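Keep in mind it's a predicted model, so treat the numbers as computed, not measured. To find a chain, count down the sequence lines: A is the first, B the second, and so on, and within it residues start at 1.
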Amino acid sequence: MRILIGEVKNHIDSEVEIAGWAQNIRAMSSVLFIEMRDVSGTVQGVLPKKGNESLFNELRTVPRETIISMTGQAVKSQAKIGYEIQIRELKIINMAEAPLPLGVVDKIESDIETRLENRFLDLRRPEILSIFKIQSTISNSIRNYFVEKGFIEIHSPKIVAAATEGGTELFPVKYFERNAYLSQSPQLYKEIMMSAGFDKVFEIAPAFRAEEHNTPRHINEFTSIDMEMSFVDDEVVMDVLENAIKTAYRSVAETNSRELEILKVSRPDLNYKFRRITYSEYVKMANDKGIELKDGDDLSTPVLKTVGGEINEFYFITRWPRDLKPFYVQPYDDKYSRGFDLQFGELEITSGAQRVHSPQVLLDNLKAKGLNPDSFAFYVNAFRYGMPPHAGWAIGLERLTMVLLNISNIRETTLFPRDRTRVTP
RNA sequence: GCCCCGAUAGUGUAGUGGCCUAUCAUCCGAGUCUGUCGAGCUCGGGACACGGGUUCAAAUCCCGUUCGGGGCGCCA
């Protein structure tokens, strides 16, 4: 029975069967080594020429990355990891072509473009695999966190009719005889679930943005971790967000020490309270650095880089001007709102808010933003017949992974990124 | 969408008008080597993004196209 390569060390001095990719075959004059790899690690098999001449000669010309299974005694040896497998039986299961379009164990680094073109090969590299093992821990631990706190997991529609909520561009899709769009966010649906009385909901699902941006931190399809809670304000959901991220970091530190080592990333440590900086304080901080910025201006990328670049930790920017936030964000006073962003340094990770719950305020806001309330009837109706006060946020899974692993391009933390020019693979 | 930069073997690169039938590494192939682990050694293989132009001569200069990188904008 096949075992994972990572388990071979528990079977020293007994016979094991492994299967995987032959990532390197080194033939000496009288002995041959096959470096085998699977999802759990690597180990080498040894085959002496004496007594195995035909297999020996066949193997020395087998291309790298061929799928092979082998059975043999696991023994302590002078191999770097301290043990190896003495091959008794070996099967060549599926031959790889040569040369590879992208070397898996080459000493040469390839461009991200070449790597994405051949992503299945790129993903075979332990450091790339490690990114996604860690991403799996992050999304699972946040899901568990929500479930433990009594949240209900929902699945909102990704094909939607609303032309826009204002702001971002949508991807149009043909929906039989009508036009529809890919959902940019579950925002309106998770709010409707508050009216439906679900109290606390979350969703981990794709979101689509048709913006023609071309930056290392934007993609057109990403995984959004969304939550919404009833009868709470913005301060409470900021606490929940801080705890969710700390929980995810703790899980990664506990379960992915090998992956963190492969990626040469130190164990994450979040032993600090996330600072809550108001938007107006942030503007003053920018002014103190000599940046010309008025209270009410949006925080541009250069501003975030100058001010946020020096804050090498998580922090909130709270009480944004109402003019800079969407119609569904609850006002704080005439000028400011209960909208917040969570930042790490210069990078926005999350945006959230206490939401409007009064149907009249909602209608006023829609009109003030130049939107047609009729287009949002399905949404506004949910506010008319008993909508509790509520608040929530959405966090980008890929961006959170970037921050945790100190990776600068979001394409690295996305399996098959969809950017301005890439729809395949 | 704007600004700047780039495109040379499967991969990553050198190359600033003639020294280029193009460098090096990796890779692939053949051989060699009593245990390698970035194996070593010998020999061989493989490339100037596309289209036009300038010139006696273009990988090299100019124009356009396509694709990519960096920055910005846009962005729930």
Side-chain angles (χ1 to χ4, degrees), chain A residues 23-36 42-50 57 60-65 75 77-84 86 96-118 121-122 162 164-170 183-188 190-191 207-220 222 224 226 228 298-305 320 324-329 337 339-342 348-353 355 369 392-396 399 408-409 411 419-422:
Chain A
Q23 65 176 16
N24 197 9
I25 298 178
R26 290 185 291 271
M28 310 296 116
S29 54
S30 66
V31 65
L32 172 149
F33 300 94
I34 306 181
E35 217 173 277
M36 293 286 292
T42 57
V43 71
Q44 74 174 12
V46 195
L47 185 79
K49 188 172 191 174
K50 206 175 170 185
N57 287 324
R60 56 183 305 155
T61 61
V62 162
R64 304 188 299 171
E65 299 298 316
V75 295
S77 78
Q78 66 200 73
K80 277 193 171 165
I81 53 169
Y83 55 91
E84 65 193 11
Q86 294 173 331
E97 289 178 31
L100 299 165
L102 176 73
V104 177
V105 291
D106 281 11
K107 298 107 201 175
I108 283 168
E109 285 233 352
S110 298
D111 293 341
I112 181 95
E113 180 65 15
T114 309
R115 292 174 41 214
L116 292 176
E117 262 326 305
N118 302 283
L121 283 169
D122 187 46
T164 177
E165 301 165 25
T168 202
E169 295 291 318
L170 299 171
S183 168
Q184 59 178 145
S185 154
Q187 179 65 34
L188 305 183
K190 64 184 184 174
E191 287 197 70
F208 306 91
R209 308 272 163 101
E211 296 295 335
E212 296 189 10
H213 36 46
N214 195 339
T215 82
R217 58 190 181 280
H218 290 94
I219 38 177
N220 297 288
F222 65 94
S224 181
D226 269 86
E228 200 73 27
D298 203 353
L299 303 180
S300 66
T301 304
V303 171
L304 289 169
K305 280 187 177 175
W320 282 75
L324 298 178
K325 285 288 172 187
F327 64 86
Y328 50 77
V329 171
S337 73
F340 62 85
D341 286 354
L342 179 72
E348 180 190 331
I349 307 293
T350 300
S351 75
R355 324 294 191 187
K369 299 271 179 190
W393 43 255
I395 187 165
R399 284 192 177 183
S408 56
N409 191 332
R411 292 166 182 83
D419 64 23
R420 177 64 188 83
T421 51
R422 178 173 292 284

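Remark: C1' of B:G10 and CZ of A:Arg115 are 17 Å apart, rounded to the nearest angstrom. B:G1 atom P lies 13 Å from atom CG of A:Asn220, rounded to whole Å. Taking atom CZ of A:Arg217 as the reference point, atom C1' of B:G73 lies 10 Å away to the nearest angstrom. The distance from atom CD of A:Glu212 to atom C1' of B:C72 is 15 Å, rounded to the nearest whole Å. One can place CG of A:Leu304 at 12 Å from P of B:C74, the figure rounded to the nearest angstrom. Atoms CG (A:Leu170) and P (B:C74) sit 18 Å apart, rounded to a whole Å. What separates CG of A:Leu324 from C1' of B:C75 is a distance of 13 Å, to the nearest Å. In this structure, the CG atom of A:Asp106 is 10 Å from the P atom of B:U26, given to the nearest Å.
Nucleotide B:G40 forms a Watson-Crick or G-U wobble pair with B:U32, both donor-acceptor distances falling under 3.5 Å. Across every strand in view, B:G6 sits in a pair with B:C67 that passes the Watson-Crick or G-U test at under 3.5 angstrom. B:G45: Watson-Crick or G-U partner is B:C27, with both key distances under 3.5 Å. Figure legend. B:A59 is base-paired to no nucleotide; pairs are counted as Watson-Crick or G-U wobble with both atom distances under 3.5 Å. When Watson-Crick and G-U wobble pairs are counted only if both distances are under 3.5 Å, B:C20 pairs with no nucleotide at all. Pairing for B:C72 goes to B:G1, judged as Watson-Crick or G-U wobble with the two contacts each under 3.5 Å.
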All N/O pairs under 3.5 Å across the protein-nucleotides 66-70 of chain B interface:
residue	atom	partner	partner atom	Å
B:G68	OP1	A:Thr421	OG1	2.4
B:G68	OP2	A:Thr421	OG1	3.4

N/O contacts under 3.5 Å, protein versus nucleotides 33-39 of chain B?
residue	atom	partner	partner atom	Å
B:C33	N4	A:Met28	O	3.4
B:U34	O5'	A:Ser29	OG	3.0
B:U34	O4'	A:Ser30	OG	2.9
B:G35	O2'	A:Gln78	NE2	2.7
B:G35	N1	A:Glu84	OE2	2.9
B:G35	N2	A:Glu84	OE1	2.5
B:G35	N2	A:Glu84	OE2	2.8
B:U36	O2'	A:Arg26	NE	3.3
B:U36	O2	A:Arg26	NE	2.9
B:U36	O2	A:Arg26	NH2	2.9
B:U36	N3	A:Gln44	OE1	3.0
B:U36	N3	A:Gln44	NE2	3.0
B:U36	O4	A:Gln44	NE2	2.5
B:C37	N3	A:Lys80	N	3.2
B:C37	N4	A:Gln78	O	2.7
B:G38	OP1	A:Lys80	NZ	3.4
B:G38	OP2	A:Lys80	NZ	2.3
B:A39	OP1	A:Asn24	ND2	3.3
B:A39	OP2	A:Asn24	ND2	3.0
B:A39	OP2	A:Arg26	NH1	3.1

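A donor-acceptor contact under 3.5 Å is not formed by the side chain of A:His213 with the base of B:C75.
Between the CD atom of A:Gln184 and the CZ atom of A:Phe208 there is a distance of 12.0 Å, given to the nearest 0.5 Å. A:Lys49 NZ to A:Ser29 OG: the interatomic distance, rounded to the nearest 0.5 Å, is 7.5 Å.
Separating the P atom of B:G44 from that of B:C63 is a span of 42 Å, rounded to the nearest Å. Remark: the separation of the P atoms in B:G69 and B:A22 is 31 Å, to the nearest Å. Comparing the same atom, C1', in B:C74 and in B:A25 gives a spacing of 42 Å after rounding to whole Å. Comparing B:A14 with B:G53, their C1' atoms are spaced 28 Å from each other, to the whole Å. Straight-line distance between the P atoms of B:C2 and B:U8: roughly 25 Å, to the nearest whole Å. Nucleotides B:A9 and B:A59 place their C1' atoms 14 Å apart, quoted to the nearest Å. Taking atom C1' in both B:U13 and B:C48, the straight-line distance is 13 Å, to the nearest Å.
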Quiz item: Yes or no on salt bridge (Lys or Arg N to Asp or Glu O under 4.0 Å) for A:Arg422 and A:Glu117, after CA distance, side-chain angles and deciding distance?
Solution: CA-CA 9 Å; A:Arg422 178 173 292 284; A:Glu117 262 326 305; 3.2 Å; yes
Quiz item: How far apart are the C-alpha atoms of A:Lys325 and A:Asp298, what are their side-chain angles, what is the distance that settles it, and do they pass the salt bridge (Lys or Arg N to Asp or Glu O under 4.0 Å) test?
Solution: CA-CA 10 Å; A:Lys325 285 288 172 187; A:Asp298 203 353; over 6 Å; no
Exercise. Evaluate the criterion salt bridge (Lys or Arg N to Asp or Glu O under 4.0 Å) for residue pair A:Glu211 and A:Arg420; output intermediate values, then yes/no.
Key: CA-CA 8 Å; A:Glu211 296 295 335; A:Arg420 177 64 188 83; over 6 Å; no
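Residues A:Glu35 and A:Gln44 bring no donor and acceptor atom of their side chains to less than 3.5 Å of each other.
Side-chain atoms of A:Lys305 lie closest to B:C72 of the nucleotides B:G10, B:A25, B:C72.
Looking at heavy-atom distances under 4.0 Å, A:Pro302 makes contact with sugar-phosphate atoms alone, never a base.
With respect to A:Glu348 and A:Arg217, no salt bridge is recorded, no charged nitrogen being found less than 4.0 Å from a carboxylate O.
Sequence order on RNA chain B of the closest nucleotides to A:Leu102 and A:Ser300 puts A:Leu102 first from the 5' end.
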